[in-house]
Enquirer: 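One structure is given below, represented as structure tokens, and several questions about it will come after.
Residue numbering restarts at 1 for every chain, and letters A, B, ... go by the order of the sequence lines.
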Amino acid sequence: MELAKKYNPAEVEDKWYRYWLENKVFSAKPNPEKEPYCIVIPPPNVTGVLHMGHMLNNTIQDVLIRRARMQGKEACWVPGTDHASIATEAKVVRMLRERGISKHELSREEFLKYAWEWKEKYGGIILEQLKKLGASCDWDRTRFTMDDKYYKAVIRVFVDLYKKGYIYRGLRMINWDPEAKTALSNEEVIYKEEGEISKLYHVRYPLADGSGHVVIATTRPETILADTAIAVNPNDERYAALVGKQALVPFVNRPIPIIADDYVDTSFGTGCLKVTPAHDPNDYEIGLRHQLEVIDILNEDGSLNEACGVEKYVGKDRFEVRKMIAKDLEEAGLLVKVEEITNKVGRSERTGAVVEPRLSLQWFIKMKEISKRALEAVEKDEVQLVPAKFKNIYRHWMENVRDWCISRQLWWGHRIPAYYYGEGENDFVVAETIEEAVALAREKSGNPHLQASDLRQDEDVLDTWASSWLWPIAVFDGFEDEYFDKEKGKIHKEKNADLNYFYPTKVLVTAPEILFFWVARMIIAGYEYLDERPFEHVYLTGIVRDKLGRKMSKSLGNSPDPLELMAQYGADGVRVGMLFSSPAGNDLLFDEKLCEQGRNFANKIWNAFRLVKGWTVEAGAAMPARNRLATDWLRARLETVKQALDEQFAQYRLSEALMTLYKFIWDDFCSWYLEMVKPAFGQPIDAPTYEQTTAFFDEILRLLHPFMPFITEELWQHLSERRNGETICQAPYPQVQAAADTGLIEEMERMMELIAQVRNVRAERQIPNKDSLPLFIKTNRQALYERYAEIVKKMANLAEIAFGEPAEGQNAIPFVLKEDECFLVVEGSVDTEQLKADLLKELDYYRGFKQSVEKKLSNERFVQNAPAAVVEKERKKLADAEAKIAAIEESLAKLGHAIDK
RNA sequence: GGGUUCUUAGCUCAGUUGGUUCAGAGCACCUGCCUUACAAGCAGGGGGUCGCAGGUUCGAAUCCUGCAGAACCCA
């Protein structure tokens with residue numbers, strides 16, 4: 001078998017992914033013999049494409065699930081997609097516009113037909129992309145939030161929560177996107193960090209009694225026409241006399257009261273606040289406190305309506321009116337001045353339109369009561385957030401939770417199951433089906449003749465999160481008739497085999513940005529319907545940023561295309577690159593160099609494999625002592641590595657775990673072990689060493705497989721004959737066998753230091769590596785060095801290791817290893833002055849060190865207060881330093897240097 | 001404005017309840033090598049008064065206070 005000099009991921013990745021699918025390696029079903037380990041994927045937008053955030057997030061999930069699978073757990077990773085109501089609808093509307101079709105020309109049914117076509121065309125691309133990454137999902141379980149069953153579940157939950165009294169319909173100040181013509185949740189409104197430059201208009205309002213005027217400041221002069229009061233701070237002496245009087249609204253001359261309210265900030269603008277309850281949330285609150293009239297002057301598209309009272313403004317967009325009104329105020333002599341200020345302007349996350357606070361009838365979920373257990377669960381670590389710092393953030397949000405506006409003025413989504421039978425605000429019923437609705441409506445209205453055709457279903461759909469918050473339950477069909485108890489509004493988990501086995505899931509891996517949107521709400525739903533947490537751990541990943549620390553975004557164009565990255569560096573390389581610098585919860589400053597490092601790592605392993613596979617094996621030969629030491633040592637190191645990995649995984653320190661393996665493979669295995677046992681060119685290797693080496697290789701591949709699934713499968717299959725369908729995905733994950741032989745590791749470390757010292761001397765004196773040199777060691781541990789002599793000779797290219805000192809006249813370069821003196825015999829003359837200088841420098845350092853330790857030990861309070869073990873360590877440090885100093889002094893004396901002690 | 005978190009080498013980060021040879025890693029950097037697995041490589045090396053100022057302690061990167069700066073969340 002001929003292996004290429006360089007690893008080529010493109011040749012193997014698709015092959016193995018297909019193999020895994022063909023052999024159903026990723027499918028999972030309840031298995032009482034095994035421990036369940038389930039992850040539900042955070043469903044990406046069905047029509048979205050893979051971005052770097054997905055890459056990170058799904059790499060992490062795949063590492064966790066693959067490791068669990070190898071550990072013999074029933075590993076189930078449930079994939080799926082989200083309908084992403086507003087984002088998808090916006091895309092469909094744009095597509096239609098490009099075809100010259102306006103959404104409003106279409107009926108709801110026609111529009112939805114286009115939307116489903118769009119979904120069929122682009123839906124699921126992202127799942128195919130995940131396969132490129134190696135994601136080991138159970139694809140047969142793929143779910144979509146608008147699948148029939150899922151749709152029914154969402155509607156069922158709406159009805160249930162309505163019955164339980166958690167859902168109400170109310171007039172509320174909501175964030176209105178005039179472009180998409182929909183309400184937005186607070187989370188969907190974004191503010192530019194640096195704010196935006198706005199004009200602050202100072203406007204004069206005459207007093208009704210003609211005794212003067214009052215000046216207010218506003219950034220939204222078009223809302224003047226909806227003013228119903230002017231407010232001042234009760235403590236503001238400047239205006240105390242005005243309170244109780246009336247002012248006249250410009251143009252319409254409506255008299256409005258001047259009131260006192262604590263909300264007013266005396267230092268902002270003029271200290272007089274115009275109050276527009278219909279168009280500002282704070283003003284709305286003030287209006288409630290003072291029973292002010294509410295005048296709504298905006299249409300749903302952001303244009304002004306008749307209520308504004310000025311004919312020429314009617315039908316014009318608010319920003320156009322702003323310009324007009326500024327001009328008109330100036331002409332009327334009411335504009336005092338205009339200044340520029342920076343303020344925060346809310347914009348729609350999806351359309352970018354300036355969000356207008358708007359009063360409207362919307363559907364809400366009361367959050368306070370229903371979220372109680374979800375708050376407790378995290379407080380008590382029943383649901384454990386990783387990293388834990390998010391607990392504080394979570395608590396703060398949950399303690400101040402506000403009612404959740406769940407209606408959206410869109411068509412793509414789950415249509416609200418409320419049916420209206422009359423014009424009154426309460427003339428509606430909520431039901432899962434039209435038949436039930438008719439029955440309920442007859443009852444509620446007292447009209448037994450009502451027909452389905454008399455009912456109008458609510459036009460709005462539900463917020464996407466109001467479907468995805470059911471994800472960990474709905475993917476297992478938990479809300480189906482057989483399992484859902486309509487009376488109690490609870491799920492009988494024990495009746496549903498999947499739910500019973502896989503729920504609660506093990507860990508949710510997601511971005512901190514959606515901690516409240518989604519994570520908190522899933523926890524709420526979990527307790528509401530199953531009285532149980534939906535997952536044990538929440539691993540919050542960082543946000544992927546570019547190397548300048550900016551968020552990756554389409555508009556900046558700073559996001560690399562994941563598929564191209566994988567084509568260039570291999571999926572394994574990219575996975576490694578993503579994980580290298582992403583400790584949990586810390587942002588990841590993505591740099592392509594990290595993927596390059598991942599690719600290089602794959603190549604390193606590939607070549608190590610080529611080396612081992614290229615050996616000819618000498619059957620019947622015994623293992624030489626040198627190799628016995630090397631294999632024992634590597635085994636000991638491997639034990640410490642496995643132990644470290646277990647600990648790192650337990651704490652979700654994936655980047656550390658990967659680095660542990662990276663260093664073990666590159667340094668310990670390749671640079672040290674393979675070099676130790678590698679036969680001379682053309683020579684065979686003894687069979688026991690060869691077998692041990694392949695066994696190590698096998699174990700290393702299994703440890704690495706969760707991180708780099710493709711190359712490990714490729715090499716593992718090459719390593720030995722495998723059965724048909726056999727895969728490393730299901731090979732046992734290496735377990736800690738025994739306590740590592742730390743004595744052996746320490747001994748080897750000493751030898752490695754010795755080898756490094758010799759190499760160092762060579763590098764400094766520019767002695768070619770080819771020249772094999774004799775080494776003398778003056779030590780009282782001769783047996784130890786003798787045992788390792790063969791290894792040291794090979795690794796440092798020494799002609800021999802002798803004990804004692806070189807003969808007079810032999811040129812030797814001295815160095816000190818721990819407390820032993822070493823002499824590397826070289827040809828040619830030696831610059832003794834330089835050697836002395838080097839030794840003196842070292843001596844200086846150790847004398848200083850010794851002094852500081854002595855100082856510590858002579859401090860009575862230290863000796864008394866510090867734990868005995870710490871004091872003991874200091875004593876040991878002192879003894880070691882003294883031995884070292886003695887050795888250095890001796891070397892110096894030999895060079896003819898007088899020591900002043 | 002309120003809250004949370006953070007500030008350690010040129011860069012990205014570890015540093016576990018304060019206590020091992022005067023703070024570690026990876027990358028980058030410097031020097032020498034195309035040595036028959038790998039130049040996507042090998043060997044060696046330099047680099048930090050742990051944001052600043054106080055305090056507690058025998059002992060502080062680690063605990064406390066203040067200041068400066070950054071990020072995120074909420075308003």
Enquirer: Any N or O donor-acceptor pair linking the side chain of R759(A) to the base of A43(B) at under 3.5 Å?
Expert: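 Under the 3.5 Å cut-off, the side chain and the base do not form any donor-acceptor pair.
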
Enquirer: Just to be sure I understand the rule, does K856(A) reach a base, reach only the sugar-phosphate, or reach nothing, if contact means heavy atoms closer than 4.0 Å?
Expert: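 Counting heavy atoms under 4.0 Å across all strands, no contact is made by K856(A).
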
Enquirer: Within this structure, what is the CG-to-C1' distance between N760(A) and U31(B), rounded to whole angstrom?
Expert: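 Answer to the nearest Å: 12 Å.
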
Enquirer: If I take atom CG in residue L754(A) and atom P in nucleotide G44(B), what distance separates them, rounded to the nearest angstrom?
Expert: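 Computing the L754(A):CG to G44(B):P distance gives 12 Å.
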
Enquirer: Quick one: does any side-chain atom of Q757(A) pair with a main-chain N or O of V816(A) as donor and acceptor, under 3.5 Å?
Expert: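 Flag set: sc Q757(A) to bb V816(A) pair under 3.5 Å.
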
Enquirer: With the side chain counted from C-beta on, respond yes when K884(A) and F849(A) share a heavy-atom pair under 4.5 Å apart, and no when they do not.
Expert: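 Result no, sub-4.5 Å side-chain heavy-atom pair not found.
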
Enquirer: Please state how far atom CG in D844(A) lies from atom C1' in C22(B), giving the value in whole angstrom units.
Expert: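 That distance rounds to 14 Å.
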
Enquirer: Counting side-chain heavy atoms from CB outward, which of U20(B), C73(B), G44(B) is closest to F516(A)?
Expert: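 Closest of the options to the side chain of F516(A): C73(B).
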
Enquirer: Expressed as a whole number of Å, how far does the C1' atom of G2(B) sit from that of C63(B)?
Expert: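 So the two C1' atoms sit 26 Å from each other.
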
Enquirer: Between G44(B) atom P and F815(A) atom CZ, what is the distance in whole Å?
Expert: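 Going from F815(A) (CZ) to G44(B) (P), I get 13 Å.
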
Enquirer: Just how far, in rounded Å, is C1' of G18(B) from NZ of K873(A)?
Expert: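 Spelled out: NZ on K873(A) to C1' on G18(B) is 13 Å.
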
Enquirer: Measure the shortest side-chain to side-chain distance between R765(A) and V826(A) over non-hydrogen atoms and say whether it is less than 4.5 angstrom.
Expert: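 Not in contact.
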
Enquirer: Ion pair present between R750(A) and E747(A), side-chain N to carboxylate O less than 4.0 angstrom?
Expert: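 No, no charged N to carboxylate O under 4.0 Å.
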
Enquirer: Can you tell me how far C1' in G18(B) sits from the matching atom in C74(B), rounded to whole Å?
Expert: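 It works out to 35 Å between them.
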
Enquirer: Categorize R653(A) for me: base, sugar-phosphate, or nothing, with a 4.0 angstrom heavy-atom threshold over every strand shown.
Expert: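 The residue R653(A) makes sugar-phosphate contact but no base contact.
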
Enquirer: Remember a base hit wins even if backbone is also touched, and classify Y845(A) as base, sugar-phosphate or nothing at under 4.0 Å, heavy atoms.
Expert: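 If one applies the 4.0 Å heavy-atom cut-off, Y845(A) turns out to touch a base.
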
Enquirer: Rounding to the closest angstrom, what is the interatomic distance between A68(B) and U57(B) at atom P?
Expert: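 To the nearest whole Å, 28 Å.
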
Enquirer: Whether D667(A) and R637(A) form a salt bridge (side-chain N of Lys/Arg under 4.0 Å from carboxylate O of Asp/Glu) is what I want to check.
Expert: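 No salt bridge links R637(A) with D667(A).
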
Enquirer: Measuring to OP1 and OP2 of G41(B), would you say a side-chain N or O of N600(A) lies under 4.0 angstrom away?
Expert: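 The answer is yes; a side-chain N or O of N600(A) sits under 4.0 Å from OP1 or OP2.
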
Enquirer: Given the P atoms of G48(B) and C11(B), what is the spacing between them in whole Å?
Expert: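 Those two atoms are separated by 13 Å.
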
Enquirer: When F516(A) is tested against each of W397(A), W465(A), Y394(A) for ring pair (Phe, Tyr, Trp, His ring centres under 6.0 Å), which residue passes?
Expert: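 The option that passes is W397(A).
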
Enquirer: Round to a whole Å and report the spacing from CD of E656(A) to C1' of G15(B).
Expert: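 For the pair E656(A) CD and G15(B) C1', the rounded distance is 9 Å.
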
Enquirer: If the sugar-phosphate is the primed atoms plus P, OP1 and OP2 and the base is the rest, what is the B/S/- string for nucleotides 34-39 of chain B, using protein heavy atoms under 4.0 Å?
Expert: --BBBS

Enquirer: Under 4.5 Å between any side-chain heavy atoms of L540(A) and T510(A), yes or no?
Expert: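 They are in side-chain contact.
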
Enquirer: If you measure from the Lys or Arg side-chain nitrogens to the Asp or Glu carboxylate oxygens, is any gap between R847(A) and E889(A) under 4.0 Å?
Expert: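 A salt bridge links R847(A) with E889(A).
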
Enquirer: Flag the pair D771(A) and R762(A) as a salt bridge only when some basic side-chain nitrogen lies within less than 4.0 angstrom of an acidic carboxylate oxygen.
Expert: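 Salt bridge absent between D771(A) and R762(A).
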
Enquirer: Measure CG/L658(A) against P/C27(B) and give the value in whole Å, please.
Expert: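 That distance rounds to 12 Å.
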
Enquirer: Can you give the dot-bracket line for RNA chain B, where a pair is Watson-Crick or G-U wobble with both atom distances under 3.5 Å, crossing pairs use [ ], and | marks a partner on another strand?
Expert: (((((((..((((.....[....)))).(((((.......))))).....(((((..]....)))))))))))).

Enquirer: Using the P atom as the point on both nucleotides, what is the distance between U8(B) and G15(B), in whole Å?
Expert: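 Going atom to atom, P in each nucleotide, I get 14 Å.
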
Enquirer: Quick one, F664(A) and L634(A) - any side-chain contact, counting heavy atoms below 4.5 Å?
Expert: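 Yes, at least one pair of side-chain atoms sits under 4.5 Å.
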
Enquirer: Any chance you could list the contact pattern along nucleotides 2-12 of chain B? Use B for base contacts, S for sugar-phosphate-only contacts and - for none, protein heavy atoms under 4.0 Å, 5' to 3'.
Expert: -SSS------S

Enquirer: Can you check whether E691(A) reaches V617(A) side chain to side chain, under 4.5 Å on heavy atoms?
Expert: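 The answer is no, as the side chains (C-beta and beyond) never meet within the 4.5 Å cut-off.
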
Enquirer: Closer to the 5' end of RNA chain B via nearest nucleotide, is it V853(A) or A763(A)?
Expert: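 Nearest-nucleotide comparison on RNA chain B picks V853(A).
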
Enquirer: Taking the side chain as every heavy atom from C-beta outward, state whether T693(A) and W615(A) have any atom pair closer than 4.5 Å.
Expert: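 T693(A) vs W615(A): side chains touch.
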
Enquirer: Using atom P in both nucleotides, what's the gap between A60(B) and C42(B) to the nearest angstrom?
Expert: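 After rounding to an integer number of Å, I get 41 Å for this pair.
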
Enquirer: Looking at E749(A) and K818(A), is any side-chain nitrogen of the basic one under 4.0 Å from a carboxylate oxygen of the acidic one?
Expert: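 Result for this pair is no, no salt bridge flagged.
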
Enquirer: Starting from the 5' end of RNA chain B, give me the residue, A881(A) or Q766(A), whose nearest nucleotide shows up first.
Expert: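 In this pair, the answer is A881(A).
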
Enquirer: What's the closest nucleotide to the W397(A) side chain, out of U20(B), G26(B), C74(B)?
Expert: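 Looking only at side-chain atoms, W397(A) lies closest to C74(B).
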
Enquirer: Taking only Lys NZ, Arg NE, NH1 and NH2, and the carboxylate oxygens of Asp or Glu, determine whether E874(A) and K877(A) approach each other closer than 4.0 Å.
Expert: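 Salt bridge between E874(A) and K877(A), a charged N being under 4.0 Å from a carboxylate O: yes.
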
Enquirer: Using the C1' atom as the reference point in each nucleotide, state the distance between G26(B) and C33(B) in Å, no decimals.
Expert: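 My reading of the C1' atoms in G26(B) and C33(B) gives 23 Å.
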
Enquirer: Rounded to whole angstrom units, what separation is found between the CG atom of L515(A) and the P atom of A71(B)?
Expert: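 Going from L515(A) (CG) to A71(B) (P), I get 21 Å.
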
Enquirer: With P as the reference atom in both, quote the distance from C34(B) to A23(B) in angstrom, rounded to an integer.
Expert: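 One P to the other, the span is 38 Å.
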
Enquirer: What is the nucleic acid contact for A602(A), judged by heavy atoms within less than 4.0 Å: base, sugar-phosphate only, or nothing?
Expert: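 A602(A): no heavy atom of the nucleic acid under 4.0 Å.
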
